[in-house]
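For reference, the structure discussed in these notes is given below.
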Amino acid sequence: MSDKERVQRPRQAMEQKWQAQWDRDRLYRAQVDWSKPKHYAVTMLPYPSGDLHIGHWYAMTPADARARYMRMRGYNVLFPMGFDAFGLPAENAAVKRGIHPAAWTFDNIARMRLQLRSMGAMFDWERETISCEPGYYKWTEWFFKKFYEAGFAYRGEAMVNWSPTLQTVLANEQVIDGKDERNGQPVIQKMMTQWFFKITAYADELLKFDGLDWPEPIRTMQTNWIGRSEGARVSFKLADKSADKLADAGKSDSSGAIEVFTTRPDTLWGATFMVLAPEHPLVAALTSPAQREQVEAYVAAAGRKSELDRLSDDGEKTGVFTGGYAINPVNDERIPVWTAEYVLVSYGTGAIMAVPAHDVRDFAFAHKYGLEIRPVIVPEVVPDDFCVSEAYAGAGVMRHSDSFDGTISNGEKGRKNPAIAAVLDWLTERGIGKEAINYRLRDWLISRQRYWGAPIPMLYSDDGQIMAVADSDLPVVLPDDVEMVEIGNPLGKHPTFAQAIAPTGAPARRETDTMDTFMCSSWYWYRYLSPKDQAHPFSAEEAAYWLPVDVYTGGAEHATMHLLYGRYFTKVMRDSGMFADTEAVMRAHGREPGTIFDEPMLLLRNQGQILGAERIGDTIRASGRWEGANKLYADLIEVIQPESVDDGDAVPMIVSGFATAEDAASGVVTGELMKRSENTLTVHSYSGNLKTIEVNAGARIVIPGIPGENTVAQLGEHLEIQRMSKSKGNVVNPDELVEAYGADTVRAYLMFSFDWEKGGPWNYQNIQGVVRWLDDIWDMVVNSDALTTDAPGNPETERTIERRVHQTIKSVGEKIEAFNFNKAIAELMSLKNDLRAAAREDGLSADAFRTAVRDLLLMMAPFTPHIAEELWAIIGGTDSIHQRAYPTYDLAKAAEETTILIVQRNGKVIDRIAVPVGLSEDEAKAAALASDGARRVLGDKTPSRVIFIGGRGDQNVEPKVNIVV
RNA sequence: GGAGAUGUGGCGGAACUGGCAGACGCGCAUGACUUAGGAUCAUGUGCCUUACGGCGUGUGGGUUCGACUCCCACCAUCUCCACCA
């Protein structure tokens, strides 16, 4: 066989041939067909940043394989693709390079579309959707308007990062250390009027995941993000003097009380002071003349910090006394009111009652400023050494709490805690407070002071009215003739854009803010249904058939934003009756809508992340004692300078002076440090293989340039596996891989070498396995004579291959459905091995071989669509393999005739005996006890127990007998 | 600080419901074919041991006839949220 010609790489020409053919045949066109079951698979659409990244391939090609598999299983599959094309990078590119954002974006889209096509995925390009095209954002605007009309969009005040230099708002990640990340100019906090979506109105419904097959971590993250907490709202009246002052200032209309939210009403009697956020409206009014200077300085300083900076102060709490007092309503105590940054204006009421004895933050604050700490919950059994040295949040008994003394507080949250339940009732009865639920979730701020986004279709008429643009005037089109400059919002500076006439006929000013790009991506799976529909955001005819999305795949980083917004959008659409037409069509086709429009996508799976390849670290020499061939226990680690490195040689680097043989004999390993975990180093030694070094406790670590005692941790510093990024130079370019190996190899490698939901560091070596797999199959089909032989074949071999084929058909299908692509390909490799061996021994007739190869190619088609198609044609297929059904399996054919009986002693295997499938318990026990292994182990002893574990013939699980001695 | 996840050979990873640990692949070793090998083919490859045999799924306990799998405690790594009252 060695003289057989191997496959020539690259295979690009062959792949491109088929891609063009599929295009011509409109093979992947998805159309409504009520006679077939539907399957709507969506993979998160990319942002057109310029080039397709290996991460896109990793996310999309397995999703494609699964969609192809579903199609072969008889489903009518819709698998569309598009671009999430609005966003800040286009504006940055415009400013930096003088290109219009639209030009930059569409250039990128053109390039990425070609790159996407090189994947050979079954995207239906006739449904392509681009969010920055007027035909799309017309409907983004329309949705905004509908939300506004339904009362879900409102104007409110929000704190933003404002750059006075640039006259623009910056995102949190653009602000570092209170300064603009790019130009170092100061950034201040400023209140601005912005548009919000009332997502909090759906907080409770968003906490429910009924009927959704979503990963547990995503559901947990959304649940925590929504952050429902049960507790009470309680009013603290201002003490007399303070109240008078408010009255004097004409501000007593705000009831002269501080409203707080607490999850621990059972600790009300331990409230010894109150804290207001620096931005709280009552701070100024409460401040006494003596404290005024100090308070104003503190509030001003807080305003100069961004939210991120405030949180990065390592928990060191600061604050100042306002000079004002409030009355604790449960015991009429007069307690001081402070203001401090650790209370956030945006959460709860922006004010807290501080219970230092039972809250760690309040404790730290009280401790620092010498405020009273009064325990009101004490453990039932008070330890001898109980003292107030830290906040106590555990279970206990109420104390110093008037009539509640002795009530059990069991440490639970909400009404499950008897103390909280009792106090809640009491507060309500007395009108001091009321039961309340608070959410961490805040309303969705959708205004952006940017050009490259969907315009907010609102008008402000000169007489002060706010109104939406008329439907007939949608879309509000972005003007092309903008000057892209860094200062200010280009849209706001446009000479005519803002000039408009209100529907009432009055002159009006147009809103110049645009929408958050998450708006565009909150409904795109509806636009795929009818991307060219001018009259509706989506067609009811299409929606009735395709909805909802059956499988959604993408990155877990979208857990709390995109995936939450998408769910919210659908719920508002449902409640605004936007699916009414769709439901009517469904009913006409006999499909009952039920709860279909409660959620946008039924099943969600997240791929892991492909990280950069592991970097080569320091060159080290480890000296110690060998334990086996690959493990060294080291007492000395030295970081050394390689004397010379042969640049032309990427893999083996031989450094003069360290001969491999010597090293091996002397207990010395020299090479590059690849990885460190605790005290274990992995070293790519100069002898060419990887060695494990266990660093003994007390080992000496010598790093030149770092004097004194060094630690193992210092070695690992440069080695962390990193995310791919241009600056780190560890980016893997998919185009180059496709050129070198072909798309099928890259697809199969990405699916085979990682657990898809886990991801991992890139590895250039493992791709060889996939190359050989595909080469072998090619060789077997194209170059072997098994297809044309007139040899009769060996019935036993033929039966074995038939059995293996049917077993593989079953397991590959199950594994694709479960997103276990690596296991599916492992099965296919295994089948290839068996088939190839059988063909070489001339054990198969041409018919038997052809049957097996057909099934193998059909199983490969979802993973490696081009090679499967090419070989399909070579073995005589006249149609596309992708029009064929996935092969069906026959359990009878898949079943083994003999099996192995595993004989164990106390759970450890002692023997294996070939036995017929389906032998009885008694037969199995007798056979086991008579086995060589049993006799050897047992001697003349009698087993105390013999346990039979039945095999499962249909799943080829072997029977076992455990002999207990 | 909180939440979630993960820890299995030299490496990527298998092991379905508690029942053969290490499938499949990379790498490596030996041999074959070669002017050559970073191609291909064959065989081997968890660790220790000449062998018999023993030890092995982050560590320490537990449940069980039997534990990678279940329970408890701890350690490490990763991700997300982070002063959320």
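Naming: A, B, ... by sequence-line order, numbering from 1 per chain. Source: prediction; values computed, not measured.
- Residue A:Asn822 is in sugar-phosphate contact alone, with no base atom involved, counting any heavy-atom pair closer than 4.0 Å across all strands shown.
- For B:G9, the base adopts the syn conformation, since its glycosidic angle falls within 90 degrees of zero.
- Within 4.0 Å (heavy atoms only), A:Gly759 reaches sugar-phosphate atoms of the nucleic acid but no base atom.
- Annotation: B:U64 and B:G54 have their C1' atoms spaced 24 Å apart (nearest Å).
- Identified under the salt bridge (Lys or Arg N to Asp or Glu O under 4.0 Å) test for residues 956-965 of chain A, with sequence neighbours left out: none.
- Taking atom CZ on A:Phe261 and atom C1' on B:C84, their separation rounds to 9 Å, with Å as the unit.
- The C1' atoms of B:U69 and B:U79 are separated by 24 Å, rounded to the nearest whole Å.
- For the pair A:Glu817 and A:Lys815, the salt-bridge criterion is not met [side-chain N within less than 4.0 Å of a carboxylate O].
- Proximity of A:Lys823 to the phosphate of B:A15: a side-chain N or O atom is located under 4.0 Å from OP1 or OP2.
- Within the 3.5 Å criterion, the main-chain N or O of A:Ala894 finds a donor-acceptor partner in the side chain of A:Gln807.
- Atom P of nucleotide B:G22 and atom CG of A:Asp755 are separated by 20 Å, given to the nearest angstrom.
- In terms of polar N and O atoms assigned as donor or acceptor, the side chain of A:Glu958 comes within less than 3.5 Å of the base of B:C20 in a complementary pairing.
- Residue-level contact check: A:Phe752 touches the bases, meaning some heavy atom is under 4.0 Å from a base atom.
- Residue A:Arg836 places at least one side-chain N or O under 4.0 Å from the OP1 or OP2 atom of B:C41.
- Judged by distance alone, the side chain of A:Asn820 and the main-chain N or O of A:Lys823 form no donor-acceptor pair under 3.5 Å.
- Residue contacts for A:Arg228: at a heavy-atom cut-off of 4.0 Å it reaches no nucleic acid atom on any strand shown.
- A:Asn833 comes within 4.0 angstrom of the backbone, heavy atoms only, and of no base.
- Atoms OG1 and CD, from A:Thr318 and A:Glu341 in turn, are 4.5 Å apart once rounded to the nearest 0.5 Å.
- Between A:His280 atom NE2 and B:A85 atom P the separation is 17 Å, expressed in whole Å.
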Residue pair A:Ser229, A:Asn438: steps toward the side chain to side chain donor-acceptor pair (under 3.5 Å) verdict = CA-CA 5 Å; A:Ser229 42; A:Asn438 199 62; 4.9 Å; no

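- An OP1 or OP2 oxygen of B:C20 is reached within less than 4.0 angstrom by no side-chain nitrogen or oxygen of A:Arg905.
- Nucleotide B:A85 holds its P atom 12 Å from the CD1 atom of A:Ile420, rounded to whole Å.
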Determine, step by step, whether A:Ile910 and A:Gln904 satisfy the side chain to side chain contact (heavy atoms under 4.5 Å, CB included) criterion, reporting the C-alpha distance in whole Å, the side-chain angles of both residues, the deciding distance to 0.1 Å, and the verdict.
-> CA-CA 5 Å; A:Ile910 53 171; A:Gln904 303 172 324; 5.6 Å; no

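- Between A:Phe948 atom CZ and B:G66 atom C1' the separation is 16 Å, expressed in whole Å.
- Across the strands present, B:A32 finds its partner in B:U40; the criterion is a Watson-Crick or G-U wobble pair with both atom distances under 3.5 angstrom.
- With rounding to whole Å, A:Glu230 atom CD is found 12 Å from B:A85 atom P.
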Protein-nucleic acid N or O pairs under 3.5 Å, nucleotides 61-65 of chain B:
unit_1 : atom_1 : unit_2   : atom_2 : d
B:C65  : OP1    : A:Arg945 : NH1    : 3.4
B:C65  : O2     : A:Asn962 : ND2    : 2.4

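- Comparing B:C84, B:G13, B:A85 by their closest approach to the side chain of A:Thr263 singles out B:A85.
- Comparing the same atom, C1', in B:G22 and in B:A73 gives a spacing of 28 Å after rounding to whole Å.
- The side chain of A:Gln768 approaches B:C26 more closely than any other nucleotide in the set B:C26, B:C41, B:A85.
- Using a 3.5 Å distance cut-off with no hydrogens or angles, the side chains of A:Thr200 and A:Arg442 do not pair a donor with an acceptor.
- Considering A:Phe821, A:Tyr58, A:Trp762, A:Tyr741 in turn, A:Trp762 is the only one that fulfils the ring-ring contact (aromatic ring centres under 6.0 Å, His included) rule with A:Tyr749.
- A:Asp911 places no side-chain N or O within 3.5 Å of a backbone atom of A:Val903 that could act as its donor or acceptor partner.
- Distance CZ (A:Arg772) to P (B:A42): 11 Å, rounded to an integer number of Å.
- For A:Met829 and B:A14, the CE to C1' distance is 13 Å, given to the nearest whole Å.
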Between the protein and nucleotides 2-5 of chain B, list the N/O to N/O atom pairs that are separated by less than 3.5 angstrom.
unit_1 : atom_1 : unit_2   : atom_2 : d
B:A3   : O2'    : A:Asn224 : ND2    : 3.1

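- The side chain of A:Trp225 sits closest to B:C81 out of B:G27, B:G13, B:C81.
- For A:Arg264 and B:C84, the shortest distance from a side-chain N or O to OP1 or OP2 is not below 4.0 Å.
- For B:A82, one of the phosphate oxygens OP1 or OP2 lies less than 4.0 angstrom from a side-chain nitrogen or oxygen of A:Arg440.
- Between A:Trp338 and A:Phe365, the gap from one ring centroid to the other is short of 6.0 Å.
- Note on A:Trp773: nothing from the nucleic acid sits closer than 4.0 angstrom, heavy atoms only.
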Derivation and outcome, salt bridge (Lys or Arg N to Asp or Glu O under 4.0 Å), residues A:Asp932 and A:Arg935 | CA-CA 5 Å; A:Asp932 290 347; A:Arg935 273 188 306 205; 2.8 Å; yes

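- Nearest to the side chain of A:Arg912, among B:G19, B:C24, B:C20, sits B:C20.
- When the nucleotides B:A14, B:A23, B:C20 are ranked by their closest atom to the side chain of A:Ala826, B:A23 comes out on top.
- Under the Watson-Crick or G-U wobble criterion, with both distances below 3.5 Å, B:A23 is left unpaired in every strand shown.
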